[in-house]
Structure formats: structure tokens, C-alpha cells
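The chains referred to below are lettered A, B, ... by the order of the sequence lines, with proteins before strands, and numbering in each begins at 1. We use all heavy atoms of the structure for the numbers below, so side chains are in, but hydrogens, waters and symmetry mates are not. Keep in mind it's a predicted model, so treat the numbers as computed, not measured.
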Amino acid sequence: MGHELDVRMMTGTLVRSAVRTKLDEWGIEGDYPVLLEFPRQEGHGDYSTNIAMQLARQLKRNPREVAADLLSAIRDHDTGGWFRDLGVAGPGFINLFLSDSAWRAVTAAVLVERERFGSSEEGRGRKILLEFVSANPTGPLHVGHGRGAAVGDALGRLLEFAGYDVTREYYVNDVGNQMDNLGRSLLARYLQLCGTPTELPENCYKGEYMIELAETFRAEVGDRYAAMSEDEALPVFRREASGRILEGIAADLERFRVSFDNWFSEGILHAGGLVDDSVRELRDRGELYESEGALFFRSSAHGDEKDRVLVRADGRTTYFAADVAYHRDKYRRGFDVMFDLWGADHHGYAPRLRASMEGLGEDPSRLEILLIQFVSLLRDGEKFQMSTRSGVFTTLREVLDEVGTDAARFFYLRRSHNTDLEFDLTLAKTHSSDNPVYYIQYVHARICSIFREAVARGLPKVEVTSLDLLSHPDEIAVMKKIARFPDMIAETVRQREPHRITFYLQDLAQTFHGFYNQHRFLGETPERTAGRLALADAVRIVVSTGLSLIGVTAPEQM
RNA sequence: GCGCCCUUAGCUCAAUGGAUAGAGCAUCAGACUUCGAAUCUGAGGGUUGGGGGUUCGAGUCCCUCAGGGCGCACCA
């Protein structure tokens, strides 16, 4: 995938071979990883490496001397003029300055690879199951679920970009007490609408959406269930409630540009005997014992703080038992890595699930649990909380109505999923420079606008070779930002932190807007105009690719 | 009480164990006869919550204290 033009890899390869030569010369066996850093300060090079300081200890030599030796070896290896300058600095850093032609080569790679620039075969087609959202079908998605959806979907896009084979799955908890409560809640609302005085049941879902659901349902079927006994009516109401709510969830997700390959039903897990199977398997493996009439799993033997009930004293299996069966099934389906994205309030649940996989003889490290921390909403500088219990919460749909899908997705990804997120609704719906999503999209629209004008002026199409004419420091600065894209992607995948893309894009956008205000693309000499148009095209491609990875559109005009 | 996450500029947040801790917002001062001003340029703003430790080097790793959030079911 064009890695011959990955600037960091090129640089690393050169430095590594030079270091290897010196190590052989010094009679040092073994591998020393040469890590390339991005110095914060420009004066410290485009890249730098601390390898001399790492080796100094073993060599019992002054790190600066070691660095000087390595530096001359690098210079000898660089027959192609990749480096503009090399230097030893500070306690023994080797600072590497790349020549302009190196940066032009990366930019040319963008124009050749187009939307594949930055992608890789790192995943080698390994199969990944990405389970996210998985909100219970008892109510509409709220802002917290939106974060899980945004992070999960972006992660999926990223992993695919990095060469993994990703399956997206939504686990539907469509059985259990909550379904009874839900069915009873709908039935109560329905009866109220039919004029039958009915009290809301205990643990009822009190949200406004239940009333709307009851109205819709009654409009379709009339009052005919009003006369039925609860036992007769309940299965219908249970099914109708969860089914319709799930449809609403799916509709919200589609609008949010999030799609799933599988909707995995917990009910089918039970019906198919998979829950019983996994309980049996754990029993056969000697992982279970009986106490007080219930069947316990020895999860404390696998790192959990205490043992967990799988089968209750009354014979019913627990939610945990179903989850064990579900994850056992994930392993059986042949995935190399399984991701679970959970709300942070479930963090205490992770040890027991890992324990159960270990108890089944599976490798728990293949299960990666990403915890999505809480979202709080900010409007006009004031924080307001939501509460699921009371039924008063802000739904994802309301947020989408207010700020739109692009801004919502972007704002969800402005923070590491590992920390709390403050979602500023006022800022998200601001259509101005204050809003970073428009700031970035504006880069794309602006470049498209330049090309519309270029076409109007009858200018020739962009040629990769035009880049050879660029050498202005500001032009090179833009190229350097572009060149960071593949590194950023690799790091983002490695850390499973899609929010890094938003930071990168803001940085790139800032560099471009600055350049735009300082220089002209059109109306320069034909050669310079051609070169700058090529550069603009490369920026446009990278911005478009970056936005697509977080599921945000790249508009041609705004 | 135990466990997980967090604490960096007035606010929201960056910083793969590296060199002088950076952006945006807000504040102040400037830039459109030109390819889109949804833009740009500049200024001020910090004991990285406190204290120890590891390291050639700590915002980053370890310990500890303080503060905030979230969990500790035969619920899902």
C-alpha cells in the first residue's frame, strides 16, 4: 500500500541500517529498537532518535560520542540525499532533518494513492468482532449511547482502514425481567388510553415515549386487548414494545450513520440452548459448585473478587450466564480479537466476564473491553444531568435534531473515550469559526471552491510532477502535516483512540487556513499555480479521508 | 470500606518516558478592490491538585494524601 513512500518508515529504515552497521562494528549482538520521535520544537529536527542514549549505557561511553559515531554512519548510508541535515543535540539525541524532496515524495504518494493514503495491511485480514451500543430495547438511545456509537463506529472504520476484517454487532437484551416490566408498562399506558383506569406497575418505564408507543399501537389495533387478561395480553405487549423500540433505535443509528452487520438476540441464545451448553461446559471443567441452592462459577479463581451465580435457586439462569454463552459463541465464531464497548458504569463486570472465558479455556486477552466514560451536556455554559430512572433524559435523537449528525459525531470524538466528556450543545450547533467541525469541513469546501475556479479559468488538471516546483517553507510545512497522517492512523489504531483523528484534522486545518491567507493558489506563475493546486488536492484528499474515518461528511460547499 | 476512571492556562482540552508543557474558546490589538472572512496575524495568561520515589530525563511510571465521577445483586 505504497509504504515505500511512508516517510517515517523510509527514515526509520535508513537509520536502522546505519545503526546496525555500527552495532556489527562494535560487536554488539541483539536488536535495539530505533524509535523515531517527533520533536516538539522545529529546531530539533523533523524526527529524532534517542538510540545513542539507549546504547551508551551498554557501551559505557558518552552518549554524545555514540551519537556522533551513529550520525556519521547515517550520513554514509544516505546516498540518496534523504536528509537535509543531521545533528547531535542535548544529552545525545540525533536530530534528523529531511530534505524537501522527501516531503514532496510523500505528498506525491497522496495524489497517487488517493483515499487509500494512510491505509495499511497491518491487520492482515484478521477477523475482529466489534460489539457496541447494545442498548437494551427498553427506551430510545440517549446521549451516552451516542458516544458509544460514535466511538465504536469510528473504531470499526479505522480497523478496516488498517486492514482488519471487521464485523459490527449489536447485542439485543430481549429477555428477562426488564422485558416483562416493559410489556406491563406499555399495557398500562394502553389501558389508560382505552379508558380503563390503570395504575403504573412497579419498576415501570415512565418515559414519555411509552405513551407515544401506546398511542401508535392503539391506533393500529383498537381497543381489542383491553378486555383480555394480563397473562394473555402481556406477550403481545412485550413483543410490540421491544420490537418497536428497537426499530426506533435502528432508525436513530442509521441517521447517525452507524450500521451493524448483526443484531444478536439474547432470546435466541436461550432458545438455542447455548446458555445451558456453556453452563454444562463450565460444570464439566470443574468450574462450578452449588451453594444455597444456586449454581456458582468460581470466578474468584480467575481474578474476580468473588464467585458469581450462573443459575439461581429457582432454576432460572442469570444475565451473566447468558453473557458467558454469548461471549463463548463469539470465540466459537472464529474471531481473532473481540471488542466490547461498554458504558463505564459496567466496569466492575469486566473481571467476571474475562474469568468466565478463562474458565472455558479461552484466551481472555483476545477480549478487549473498552470503557466509554460518561457524557454530560452543556448548554449556554450550564451543565445539566440526565437520569434514566426517572425517564427524563436527553435522547440521541434530540441531539441530532439540534446539532446534526456531523457535529454530533465530531463532538463525541473530541475526547479520549477513557475520560468524561462534556458535550457543549451550544458550541456544537454554532455555525461559525468557533465550531471545529465546520472549521475542518471549510478546508475541504474551500479547496473545492479553488478547483471550481481553476476549472472556470481553464487551468490544466493536477499533475503529480507539479509538486517538484514547490520549495517555499510554508509549502513544505503543509507537506509535513500531510506526512503525519499515516503515523497518526497507526497510533490511533494501536491505542484504540479514534479521537486522535479530530486533533490531527484540526491541526491540519489550521496549517492550511494559515497558508491560504498568506499565499495564493491561482494567479501565480503557471508552474507555481500547478504546484500549489497539486498541494491543495493532497490536503483535500487527506481531510476527506480523515473525516470519513470518523463518519463526518466532507462537503464541496457550505 | 474495596475497585475502576479522572485532576494540566479563567473555560474545554493536547502532549508515543525526552529537549523551552501546547491548541481552541474567552480577553485585548490588528488583516477582506484578490482563489469563499465559516478565514488569518499578534499579545497576555502555568508551582501540570499536594508530597515522596524510580530514571541520564517524569504531566506521563510507582507509592501516598486530597478532591470529583462511577461501580461493588441469585437486576439487566
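- Taking the salt bridge (Lys or Arg N to Asp or Glu O under 4.0 Å) definition, one finds that R540(A) meets it with D537(A), sequence neighbours left out.
- Among A37(B), C4(B), C74(B), the nucleotide with an atom closest to any side-chain atom of L371(A) is C4(B).
- For R520(A), there are no salt bridge (Lys or Arg N to Asp or Glu O under 4.0 Å) partners at least two apart in sequence or on another chain.
- With rounding to whole Å, L269(A) atom CG is found 14 Å from A76(B) atom P.
- Contact check on K330(A) versus D340(A) returns a salt bridge, with a Lys/Arg side-chain nitrogen under 4.0 Å from an Asp/Glu carboxylate oxygen.
- Remark: aromatic rings of F512(A) and Y442(A) are distant, center separation not under 6.0 Å.
- Here A73(B) is the nucleotide among C74(B), A73(B), A76(B) with the atom lying nearest to any side-chain atom of K306(A).
- Shown here are the side-chain hydrogen bond (donor to acceptor under 3.5 Å, both in side chains) partners of H444(A), two or more places apart in sequence or in another chain: there are none.
- Looking at heavy-atom distances under 4.0 Å, Y349(A) makes contact with a base.
- Residue V311(A) is out of contact with every strand shown, counting any heavy-atom pair closer than 4.0 Å.
- H519(A) comes within contact range of at least one nucleobase, with a heavy-atom separation under 4.0 Å.
- Under the 6.0 Å distance and 45° angle rule, R496(A) does not count as a cation-pi partner of F339(A).
- At a threshold of 4.0 angstrom between heavy atoms, the contacts of N177(A) are confined to the sugar-phosphate backbone, with no base atom among them.
- Residue A454(A) is out of contact with every strand shown, counting any heavy-atom pair closer than 4.0 Å.
- Side-chain proximity of H513(A) to C35(B), G18(B), C40(B): nearest is C40(B).
- In this structure D487(A) satisfies the side-chain hydrogen bond (donor to acceptor under 3.5 Å, both in side chains) test with no other residue, sequence neighbours excluded.
- Base orientation of C32(B): syn, the glycosidic angle falling within 90° of 0.
- At a threshold of 4.0 angstrom between heavy atoms, the contacts of G176(A) with the nucleic acid are absent.
- Look at F93(A) and the base of A19(B); the rings stack, centres closer than 5.5 Å and planes less than 30° apart.
- Ranked by how close their nearest RNA chain B nucleotide is to the 5' end, R316(A) and I94(A) are led by I94(A).
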Extract from the structure each pairing of a protein N or O with an N or O of nucleotides 20-23 of chain B at less than 3.5 Å, listing the distance.
unit_1 : atom_1 : unit_2  : atom_2 : d
U20(B) : N3     : Q41(A)  : NE2    : 3.1
U20(B) : O4     : Q41(A)  : NE2    : 3.2
A23(B) : O3'    : Q510(A) : NE2    : 3.4

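- In this structure E402(A) satisfies the salt bridge (Lys or Arg N to Asp or Glu O under 4.0 Å) test together with R379(A), K429(A), sequence neighbours excluded.
- Among the atoms of the strands shown, none is found under 4.0 Å from any heavy atom of E497(A).
- Each of Q518(A) and E305(A) has a nearest nucleotide on RNA chain B; the 5'-most of these lies closest to Q518(A).
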With both pairing distances under 3.5 angstrom for Watson-Crick or G-U wobble, and | for a partner in another strand, the correct string for RNA chain B is (((((((..((((....[...)))).(((((.......))))).....(((((..]....))))))))))))....
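- Taking side-chain N and O atoms only, Y516(A) has no distance below 4.0 Å to OP1 or OP2 of U41(B).
- Residue-level contact check: S416(A) touches the backbone only, with heavy atoms under 4.0 Å from sugar-phosphate atoms and none from bases.
- Distance from the side chain of R457(A) is smallest for C35(B) among the nucleotides A19(B), C4(B), C35(B).
- If you check every strand for non-hydrogen atoms under 4.0 Å, T138(A) touches nothing.
- Heavy atoms of N95(A) sit under 4.0 angstrom from at least one base atom.
- Legend: residues meeting side chain to side chain contact (heavy atoms under 4.5 Å, CB included) with A135(A), ordered by chain and number and at least two apart, are V133(A), L141(A), H145(A), Y170(A).
- Residues passing the salt bridge (Lys or Arg N to Asp or Glu O under 4.0 Å) test with D507(A) are K481(A), sequence neighbours excluded.
- Residue F38(A) is in base contact, counting any heavy-atom pair closer than 4.0 Å across all strands shown.
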Atom pairs under 3.5 Å, N or O on each side, protein against nucleotides 6-11 of chain B: can you list them with distances?
unit_1 : atom_1 : unit_2  : atom_2 : d
C6(B)  : OP1    : N418(A) : ND2    : 3.2

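- For E266(A), counting side-chain heavy atoms from C-beta on, the closest listed nucleotide (A38(B), A76(B), A37(B)) is A76(B).
- The side-chain hydrogen bond (donor to acceptor under 3.5 Å, both in side chains) check on R528(A) picks up nothing, with sequence neighbours excluded.
- Taking the centre and axis of the six-membered ring of Y412(A), the NZ or CZ atom of R409(A) falls outside the cone set by 45° and 6.0 Å.
- When the ring pair (Phe, Tyr, Trp, His ring centres under 6.0 Å) test is applied to Y289(A), the partners found at least two apart in sequence or on another chain are F296(A).
- Taking the C1' atom of each, A26(B) and C35(B) are spaced 32 Å apart, rounded to whole Å.
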